[in-house]
2 protein chains.
Amino acid sequence: MAKGVAPRECSVADTLQVVGERWTLLIIRELLYGVRRFDGIVRNTGAARDILTTRLRKLEEAGIVRREPYSEHPPRYEYHLTAKGRELSDVLTVLMKWGDRHLNTADPPVRWIHVCGERLDPVVVCAHCGRPANEGARPIGRGALTP
Amino acid sequence: MAKGVAPRECSVADTLQVVGERWTLLIIRELLYGVRRFDGIVRNTGAARDILTTRLRKLEEAGIVRREPYSEHPPRYEYHLTAKGRELSDVLTVLMKWGDRHLNTADPPVRWIHVCGERLDPVVVCAHCGRPANEGARPIGRGALTP
DNA sequence: GCAGTGAGTTGTATTTTCCAACTTACTCGC
DNA sequence: GCGAGTAAGTTGGAAAATACAACTCACTGC
C-alpha cells in the first residue's frame, strides 16, 4: 500500500472492514434470528468463545450491537441489534440466495415465507424503476476509476 | 463443534465459506469493474501478491473465476467471472449501500447510474409482491430452529 | 450441599497473513 | 544490444489471528 498508488476507495471495502471478519456475519445472523445470549450464539455459529467475545465487543463499538443487562451480580447481558445492525439483514438475505442457488441447490436449509404469503424470492432492484439493479449500471466518482 | 449440537445449517454460512475470506469479495469487485489482470487486482485491492494467488486459485476451483491465457511463454492469464461469479454482484451492491449509509455518509466514493438514468438506489424486495424482503418474513426449515 | 448453567478468561498450539525480496520471461526505447 | 520496465508469480521469515480445551466465578434448582 505504501509505494505508488492507493487501493480503490470503496464502501464495500469499508463495510467489510467492519463486518467482514470471520464469524461476524454469522453472529449478526443469530441476532436476526432472535438469539440473544452468548451460549446460544456459540452453539449456533460454532465460533470459539474467546473469538465471540472479541467480535461482540467490536460490534458494540461499531454501533451494530447493543448490550443490555438482564442480571447483575453475575453480570450478564443480552445482545441486540441496533437499527444500523438490522439494516444488515439485506446482506444476509442476498448471501443466502446465492448459497441456495449455487451450493444448496437440492434443498435449502431455510426458506423464508414473506408477509405476502409466498416463499420469499429476494431480488435487488432499482428503487426508481424497479428493474434489476445490476442491469446496465455504470459507476461514477473517485472510486470508479480503473487504471 | 464436536460435543452436543451442530451449528445452524445455513446458506449464508456456506456462501461465506466460499467468498468470506479476507480479500475475496474485493477481488470479485475488481473483476466486476473489468480489471482482469493480476497486478491490477493487487493495486486496487491492496492485497499481498501471495494471498491473491491463493485466493484466485480457490475461486477458480469454486467455479467463480475462469482463467484465460493471453500470452504463452511467459504464461500469462486474464481472470474473468463466470455466470456464478457475476451473480455475486448483488452481494457487493448491498454491502456498498450499507457502507454508503453508515460509513461514508458525507460522500460515497462511487455512485452508480442505473440504466433508467437515475442514481441507483438498490433495494431488496420480494419478487412476488415487490415489497421489502425484510418486511415480516418468517423462516421455516431445518436451519430455522432457535433452541 | 452438589450438579448444572451461563459468560467469560487464560494458555498454548496451529494457521493465516503480511511484507519484502527474488525470479523468469519477455517488451520497449534509444 | 542493453538496461529499464512490466507482468505474474514464488519464497522465507516474522507477526498476527484463530482454534481448542480447561479453568473461573457467581449464581440457580433440587
Side-chain angles (χ1 to χ4, degrees), chain A residues 1-7 13 16-27 30-31 33-62 65-80 146-147, chain B residues 1-8 13 16-27 30-31 34-62 65-80 146-147:
Chain A
M1 204 170 308
K3 64 165 71 90
V5 276
L16 290 174
Q17 201 75 10
V18 181
V19 300
E21 282 180 308
R22 205 179 166 190
W23 304 117
T24 299
L25 283 171
L26 297 187
I27 292 167
E30 288 308 313
L31 295 175
Y33 271 116
V35 177
R36 308 246 162 277
R37 300 201 177 169
F38 193 88
D39 274 21
I41 302 174
V42 166
R43 251 194 310 282
N44 293 339
T45 59
R49 315 175 72 80
D50 52 349
I51 306 286
L52 182 57
T53 302
T54 69
R55 291 292 185 278
L56 283 168
R57 295 295 173 278
K58 268 192 215 175
L59 285 170
E60 200 186 353
E61 224 176 309
V65 160
R66 190 168 22 89
R67 212 156 53 124
E68 301 215 326
Y70 72 90
S71 133
E72 304 175 38
H73 274 317
R76 292 290 179 262
Y77 301 90
E78 289 190 328
Y79 297 93
H80 293 258
T146 296
Chain B
M1 204 171 308
K3 62 164 71 87
V5 277
R8 189 191 294 285
L16 290 174
Q17 202 74 11
V18 181
V19 300
E21 283 180 308
R22 204 180 166 188
W23 305 117
T24 300
L25 283 171
L26 297 186
I27 291 167
E30 289 308 312
L31 296 173
V35 177
R36 308 246 162 277
R37 300 202 178 168
F38 192 87
D39 274 21
I41 302 175
V42 167
R43 251 194 310 281
N44 292 339
T45 59
R49 317 175 71 80
D50 53 348
I51 307 287
L52 183 55
T53 302
T54 68
R55 291 291 185 278
L56 284 168
R57 295 294 174 279
K58 268 191 218 179
L59 285 170
E60 200 186 355
E61 224 174 308
V65 159
R66 191 169 19 90
R67 211 154 57 121
E68 301 214 326
Y70 72 89
S71 135
E72 303 174 39
H73 274 319
R76 293 289 180 262
Y77 301 88
E78 289 189 327
Y79 296 92
H80 293 258
T146 295

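Naming convention: chains lettered A, B, ... in sequence-line order (proteins, then strands); numbering from 1 in each chain.
Between A:I51 atom CD1 and A:T24 atom OG1 the span is 10.0 Å, to the nearest 0.5 Å. In this structure, B:L31 CG and B:R66 CZ are separated by 10.5 Å, a value rounded to the nearest 0.5 Å. In this structure, the separation between CD on A:E68 and OH on A:Y77 is 11.5 Å, given to the nearest 0.5 Å.
Base-pairing analysis of DNA chain C finds the following stems of at least three consecutive Watson-Crick or G-U pairs, with both pairing distances under 3.5 Å: C:1-30 with D:1-30.
In terms of phosphate contacts, A:Y70 brings no side-chain nitrogen or oxygen within less than 4.0 Å of OP1 or OP2 of D:dC27. Note on A:Y79: a side-chain N or O is less than 4.0 Å away from OP1 or OP2 of C:dG8. Phosphate proximity of D:dA8 to B:R43: absent, as no side-chain N or O sits under 4.0 Å from OP1 or OP2.
One can place CG of A:L52 at 16 Å from C1' of D:dA17, the figure rounded to the nearest angstrom. A:R22 places its CZ atom 15 Å from the P atom of D:dA17, with the value rounded to the nearest Å. Rounded to whole angstrom, the span from the CZ atom of A:R67 across to the P atom of C:dA7 amounts to 12 Å. For the pair B:K58 NZ and C:dT17 C1', the interatomic distance rounds to 12 Å; values are reported in whole Å. Nucleotide C:dT24 holds its P atom 17 Å from the CZ atom of B:F38, rounded to whole Å. With rounding to whole Å, B:E68 atom CD is found 14 Å from D:dA8 atom P. Rounded to whole Å, atom C1' of D:dA8 lies 14 Å from atom CD1 of B:I27. Summarising the geometry, the separation between CD on A:E21 and P on C:dT17 is reported as 12 Å, rounded to the nearest angstrom.
In this structure, of D:dA8, D:dG9, D:dA19, it is D:dA19 that holds the atom nearest to the side chain of A:W23. Side chain of B:D39, nearest nucleotide from C:dC18, D:dA7, C:dA7: D:dA7. Residue A:D50 places its side chain closer to C:dG11 than to any other of C:dC18, D:dA8, C:dG11. Considering only side-chain atoms of B:I51, the nucleotide from C:dT17, D:dG9, C:dA7 that sits closest is C:dT17.
A donor N or O paired with an acceptor N or O is found under 3.5 Å between the base of D:dA8 and the side-chain atoms of B:R49. Not a single donor-acceptor contact under 3.5 angstrom links the side-chain atoms of A:R37 to the base of C:dG6.
Applying the ring pair (Phe, Tyr, Trp, His ring centres under 6.0 Å) test to A:Y33 and every residue at least two apart in sequence or in another chain returns A:W112.
The pair A:E30-B:R8 meets the salt-bridge criterion, since a charged nitrogen lies less than 4.0 angstrom from a carboxylate oxygen.
Taking the nucleotide of DNA chain D with the nearest heavy atom to each of B:P75 and A:P74, the more 5' of the two is matched to B:P75. When the nearest nucleotides of DNA chain D are assigned to A:R76 and A:A48 by heavy-atom distance, the more 5′-ward of the two goes with A:A48. Each of A:E78 and B:T54 was matched to the nucleotide of DNA chain C holding its nearest heavy atom; the match closer to the 5' end belongs to A:E78.
Checked by atom type and distance alone, the side chain of A:R55 pairs as donor or acceptor with a backbone atom of A:R22 at under 3.5 Å.
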- What's the verdict on salt bridge (charged side-chain N to carboxylate O under 4.0 Å, His left out) for B:E78 and B:R37, showing C-alpha distance, side-chain angles and the deciding distance? CA-CA 5 Å; B:E78 289 189 327; B:R37 300 202 178 168; 3.3 Å; yes

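B:Y79 places none of its side-chain heavy atoms less than 4.5 Å from the side chain of B:E60.
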